[in-house]
Amino acid sequence: MYRSRRAGLVGLAYLAPALAFVLVFTVYPLGRMMWMSLHNWSLLTPPVFVGFDNYERLFGDRQFWVSFLFTLKYTALITPVLIIGGYLLAMLTAQNTPLRKVTRTVVFVPVVIGLGVSSLLWYWLFSADFGLVNRALMDLGVVSGPVLWLGVDADTSNVAISASVVWKVIGFGMILFVGAIQAVPTEINEATLVDGAGYWQRVTRVILPLTLRTVLLVTLLSVIGSLLAFDQFYIMTAGQPQNETATSVFYVYLNSFPYLKLGYGAALSMVLAVTILAFTVVQLLLARRSEV
């Protein structure tokens, strides 16, 4: 009895730093944000309790839904590219070929660059006046004149920013996929070769099912990262034109700081948090089904 109790106390002592970290940096900020969302809270005046008025207001806030739908559109555009492109690059990198070193180095190097730095780089590349993207397209005869990539049309800006983010983060998913592919037992690959399975049969019937959990993980990370997108849009378009390229987090930022509406910004953040939680629950259910 004494030994089991002592072992429990020792285990709790080992767990205490992690619990303290979660309480201080996750539970408390979340509870504080929920409390703020129930107040008319400004940086300049004392908070006033308003109940669920902020939530009622956001359901009628057209700009919030514009930004929310734009964020979903951005997520739907970039996620398949990151998953499919990252997996294909992983297949090239996992193979013992001369191309392996090239893909492993060239594709992964942008991952270590800060998102703000890469956004500034691509802002310059997409410049209508001196950007290299327009110059290359005009030299190839694809376009007759400079294309206004950023801040004029929401769809064009979405494509341009998505391209910059794919260049920045696709290597991260590739590395995770490489680890999953290389973890497939060699006995299974050898057995499929003996059975006469072709390359794509081995990929679709053996490798892909055995790496499905990693695919779901990378999908979840991509969705969460896309729903929380802020830096690239703030730097490359600043929400232009007319806040049509303002993401959900960008709109939260506008209300919380420039507009000094912390309570309303907290309510918007709660809606975004619930959306991310819903995607996470779906991913966990899919992961559990893949184990059956």
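On a predicted model such as this, the values are computed, not experimentally measured, just so you know.
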Separation of S42 OG from L260 CG (nearest 0.5 Å): 5.0 Å

Within-4.5 Å side-chain heavy-atom neighbours: V249 and L227: no

Using side chain to side chain contact (heavy atoms under 4.5 Å, CB included) as the criterion, point out the one residue from L212, V206, L208 that pairs with L210. V206

When you compare the side chain of K73 with that of N158, does any pair of heavy atoms fall below 4.5 Å? yes

Return the orientation label for the Y234 and F230 ring planes: parallel under 30°, perpendicular over 60°, tilted otherwise. parallel

Check: Q232 side chain, S164 main-chain N or O, donor-acceptor pair, under 3.5 Å: no

Would you say F68 and Y251 make side-chain contact, with heavy atoms under 4.5 Å? no

pair T219-Q283: side-chain heavy atoms closer than 4.5 Å: no

Hey, mind stepping through Y55 and S37 against side chain to side chain donor-acceptor pair (under 3.5 Å) and telling me if it holds? CA-CA 8 Å; Y55 292 95; S37 70; 2.7 Å; yes

K168 side-chain N/O to S118 backbone N/O, donor-acceptor pair under 3.5 Å: no

Linking I/L/V/M/F/W/Y whenever their side-chain heavy atoms sit closer than 4.5 Å, directly or via other members, would L115 and I170 fall into one cluster? no

Give a yes or no answer on whether the side chain of S157 reaches the backbone of G151 with a donor-acceptor pair at less than 3.5 Å. yes

Any salt bridge linking D139 with R135? Criterion: basic side-chain nitrogen under 4.0 Å from a carboxylate oxygen. yes

Please answer whether the main-chain N or O of T156 pairs with a side-chain N or O of D153 as donor and acceptor at a distance below 3.5 Å. yes

Do the side chain of S67 and the main chain of F64 share a donor and acceptor less than 3.5 angstrom apart? yes

Before you tell me yes or no, could you show the steps for S226 and T79 under side-chain contact (heavy atoms from CB on, under 4.5 Å), namely the whole-Å CA-CA distance, both residues' side-chain angles and the distance that decides it to 0.1 Å? CA-CA 8 Å; S226 301; T79 300; 4.2 Å; yes

Return yes when atom OH of Y28 has more than 12 non-hydrogen atoms of other residues, nucleotides or ligands closer than 6.0 Å, and no otherwise. no

Do you know which two heavy atoms are closest between I276 and I224, and how far apart they sit? CG2-CG1, 3.8 Å

Least distance between heavy atoms, L82 atom then S222 atom: CD1-OG, 3.3 Å

Please check if the distance between the ring centroids of Y74 and F233 is under 6.0 Å. yes

CD on Q182 to OG1 on T211, rounded to 0.5 Å: 12.0 Å

Test applied, side chain to side chain contact (heavy atoms under 4.5 Å, CB included); reference residue, W149; option that passes from T237, N134, I161: N134

Donor-acceptor pair, K261 side chain versus W41 backbone, under 3.5 Å? no

One should read off an interatomic distance between D53 CG and N40 CG, to the nearest 0.5 angstrom, of 9.0 Å

Can you find a pair of side-chain heavy atoms, one from V50 and one from L38, that are under 4.5 Å apart? no

Tell me whether M270 shares a hydrophobic cluster with Y259, the cluster being built from Ile, Leu, Val, Met, Phe, Trp, Tyr side chains joined at under 4.5 Å. yes

Minimal heavy-atom distance between T245 and P241, with the atoms involved, is CG2-CD, 4.3 Å

In the single-linkage hydrophobic clustering (I, L, V, M, F, W, Y; side-chain heavy atoms under 4.5 Å), do V111 and I84 co-cluster? no

What residue among V215, V178, T214, V218 forms side chain to side chain contact (heavy atoms under 4.5 Å, CB included) with Y87? V215

Check I235 against Y123 and note the closest heavy-atom contact, atom names and distance. O-CD1, 4.1 Å

Shortest non-hydrogen contact from M138 to S144? SD-O, 4.3 Å

Tell me whether Q242 contacts the main-chain N or O of E244 through its side chain, where contact means a donor paired with an acceptor under 3.5 Å. no

Donor-acceptor contact below 3.5 Å, side chain W65 vs main chain L58: yes

T26 versus F21: any side-chain heavy-atom pair under 4.5 Å? no

Rounded distance (nearest 0.5 Å) linking atom CG of L268 with atom CZ of R57: 8.0 Å

Flag side-chain contact, heavy atom, 4.5 Å: P258 against Y253: yes

Could you see if L132 belongs to whatever hydrophobic cluster contains V143? Use Ile, Leu, Val, Met, Phe, Trp, Tyr and a side-chain cutoff under 4.5 Å. yes

Do F52 and M33 land in one hydrophobic cluster if side-chain heavy atoms of ILVMFWY residues count as linked below 4.5 Å? yes

Approximate separation, where rounding is to 0.5 Å, of L217 CG and F177 CZ: 8.5 Å

How many angstroms lie between CG in D231 and CE in M236, if you round to the nearest 0.5 Å? 12.0 Å

In short, G239 meets F250 closest at the heavy-atom pair N-CZ, 4.0 Å

